[in-house]
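Remarks on the structure that follows.
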Amino acid sequence: MDASEEILRKTLAEKQSAIEAHGNAVRALKAAGAAKPEIDAAIESLNGLKLEKTSIERQLQAAIGGGDSSLNREAFRQAVVNTLERRLFYIPSFKIYRGVAGLYDYGPPGCAVKSNVLAFWRQHFVLEENMLEVDCPCVTPEVVLKASGHVDKFTDLMVKDEKTGTCYRADHLLKDFCNEKLQKDLSISTEKAAELKHILAVLDDLSVEELGAKLKEYGITAPDTKNPLSDPYPFNLMFQTSIGPSGLSPGYMRPETAQGIFVNFKDLYYYNGNKLPFAAAQIGQAFRNEISPRQGLLRVREFTLAEIEHFVDPENKFHPKFSEVVNLEFLMFPREEQMSGHSAKKIPLGEAVSRGIVNNETLGYFIGRVYLFLTCLGIDKDRLRFRQHLANEMAHYAADCWDAEIECSYGWIECVGIADRSAYDLRAHSEKSGVPLVAQEKFPEPREVEKLVINPVKKELGLAFKGNQKMVVEALEAMNEKEALEMKAALESKGESEFNVCTLGKNVTIKKNMVAISKEIKKEHQRVFTPSVIEPSFGIGRIIFCLFEHSFYTRLSKAGDEQLNVFRFPPLVAPIKCTVFPLVQQQHYEEVAKVISQSLTTAGISHKIDITGTSIGKRYARTDELGVPFAITVDSTSSVTIRERDSKDQVRVSVEEAASVVKEVTDGWRTWTDVWSTFPHHSSGSVEADE
Ligand code: AMP
């Protein structure tokens, strides 16, 4: 807990006890019939204590971000969302039929922002790393998602209102309870506050039993009705369907795009000249039947994912381009810091990898690239952190996992997951399909290698374990070298060994006659192995929503009577790069505007020409609300002005140059500072009179 918060909570508790003691003293004086001046003095001192308590409460509220600041966050969000919906950045889907929770349409400027974000993603990742892009179907046969584990395990824990049947996500209810207590109940003790904070830190780590116990312990009920809740139980988030008319071939709408890449590994590896490392990438829709979608674009039931699967030799996770990101320094939130209640801190990426905080260079490289991607888009670097998954939160097979979290009015939101998933996915699909999804390293000279050979004796195992024989055989074959050698030693010394078969969920006793374990020297010409995969997975809608919030601000109109909304999108992201206005409605100005508009079209710059007679200030305000970075105003037939949105500075350029100057700055070849120092300045004068 923050030191100032801890001190304030303690002081508040002391003040509360002092008030109670003083209150008792006043009552005692009154009961004893004390003189009026004595009673008045005691009341005055009591009132003084109450005032001090109020002041401490205010300080505490400010320290924990509740009260006014949470109201401010909501008001800010409302202002952003109102602007976004009014200007059709996005629209609740099927609105005329009252919409469906968790489904949204992107309107024209929203589509443009999304396509700019995706274009930059392709440039920053696919082009930069020579990735192999694929585009696979959303409808996926069951066998694929059975192999990947989604059919059995892609679940969230749900609770139901026992009377109405309304469903809620169990962890969200616990999270809301803790946040609400921490922010609104100032009377809780320092110890209680620390306990609630600890729960928030380990929320994703709680088992179904722990979560159920906490809901009970805190008496959490259904938020809408206050009815009792069921125990939590897993709910599979996939939308089920069937493929073809017979209804006999079950399928699902894919919950992620990654599986399409894994099942194509063999062909992609061949396409890449049978060489590692290489990455494949895919952008596409993903579907998750979220239990209770809320938070607008942040938690939806259909969304665009952009995923990278970088395949690498598990024995060589160095990255040749790591030096390009080694000096980046940004907020990181390692597991230990979370568990001990500390906050995220700035760590140089090179140090994070060399100290083993980040598992390996390739994972570190992608963390660095994701940081650059998000900040280039306009995400505020001080509201971006990389949080490491806690032990239980991470899948058992994963080597390490970090989420890029962005802070917005809803708190810290996971927008990109960056995981080292080891060889899990390829192994799972190899086993299920029978097609080996492996890579080879050819040796220049054959090598003599000592190989561990595990030979389960199926007949004996069958006699001992009957129907479970297959699972015991598989588990024996899957032993790593250390386990196998330990078993060998135990079999030789004691004649038997206790062995955990995780697929059976229990220990079995292996006898000496059931398995032969030996080491043999063999000549090998190549090494065959299952590659590890490092997967950065981007939720495009979440990134865009955070970008909207980080780009939004209001400024006072020149007359001082109106708050004007502005999105400070970088040109890269802006849905429209430029507007063209004739200053007044005159035919020769309109013709110049049309000529410039044509040049912008030829240069591939999205723009909007506005020849309505509306005042120029109003036209600027309208386009600022769409985040248009540049405006060309035609006020003569030979030269025009270009205005930059945030500074409102204007330069004068010739009609012929106008489109190319805008193109240079929007494409990032030139900065506005450079344009400002090159061209004559134009002072707004009457032009911005009503801005
Ligand atoms: P995951 O596979 O759960 O790690 O999700 C990958 C990314 O998808 C996350 O980092 C989020 O950005 C995004 N995401 C996951 N679920 C949703 C959702 N319901 N709505 C929008 N984006 C989501």
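Order of appearance sets the numbers: ligands from 1, and atoms from 1 within every ligand.
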Checking a contact table here: which protein heavy atom is nearest [atom], and how many Å away?
{"atom": "atom 11 (C) of ligand 1", "result": "Arg542 NH1, 3.6 Å"}
{"atom": "atom 20 (N) of ligand 1", "result": "Val300 N, 3.0 Å"}
{"atom": "atom 13 (C) of ligand 1", "result": "Gly539 CA, 3.7 Å"}
{"atom": "atom 14 (N) of ligand 1", "result": "Phe303 CE1, 3.6 Å"}
{"atom": "atom 6 (C) of ligand 1", "result": "Ser537 OG, 3.3 Å"}
{"atom": "atom 9 (C) of ligand 1", "result": "Glu414 OE2, 3.2 Å"}

Can an N or O of Glu256 be found at a distance shorter than 3.5 Å from an N or O of ligand 1? no

Check whether the ring centres of Tyr90 and Phe545 lie less than 6.0 Å apart, and answer yes or no. no

What are the two closest heavy atoms between [X] and [Y], and how far apart are they?
{"X": "Ala419", "Y": "Cys401", "result": "CB-SG, 3.6 Å"}
{"X": "Arg299", "Y": "Pro293", "result": "O-CB, 3.4 Å"}
{"X": "Ile540", "Y": "Ala306", "result": "CD1-CB, 3.9 Å"}
{"X": "Asp105", "Y": "Phe94", "result": "OD2-N, 4.4 Å"}
{"X": "Ile413", "Y": "Cys408", "result": "CG1-SG, 3.8 Å"}

Have a look at ligand 1 and work out which part of Leu305, if any, has a heavy atom under 4.0 Å from it: side chain, backbone, both or neither. side chain

Under 4.0 Å from ligand 1, counting heavy atoms only, is it the side chain of Arg288, its backbone, both or neither? side chain

Steps toward salt bridge (Lys or Arg N to Asp or Glu O under 4.0 Å) verdict (Glu142, Lys146): CA-CA 6 Å; Glu142 183 174 52; Lys146 185 85 190 156; over 6 Å; no

Contact between ligand 1 and Leu298 is defined here as a heavy atom of the residue under 4.0 Å from a ligand atom; is it met? yes

Whether Cys415 lies under 4.0 Å from ligand 1, heavy atom: yes

Per the ring pair (Phe, Tyr, Trp, His ring centres under 6.0 Å) rule, which among Phe366, Tyr365, Phe373 passes with Phe125? Phe373

If we check ring pair (Phe, Tyr, Trp, His ring centres under 6.0 Å) with Phe386, which of these qualifies: Trp412, Phe330, Phe333, Trp402? Phe330

Per-atom filter on ligand 1: closer than 4.0 angstrom to a heavy atom of Gly417 are 10 (O)

Enumerated ligand 1 atoms positioned under 4.0 Å from heavy atoms of Val416: 10 (O)

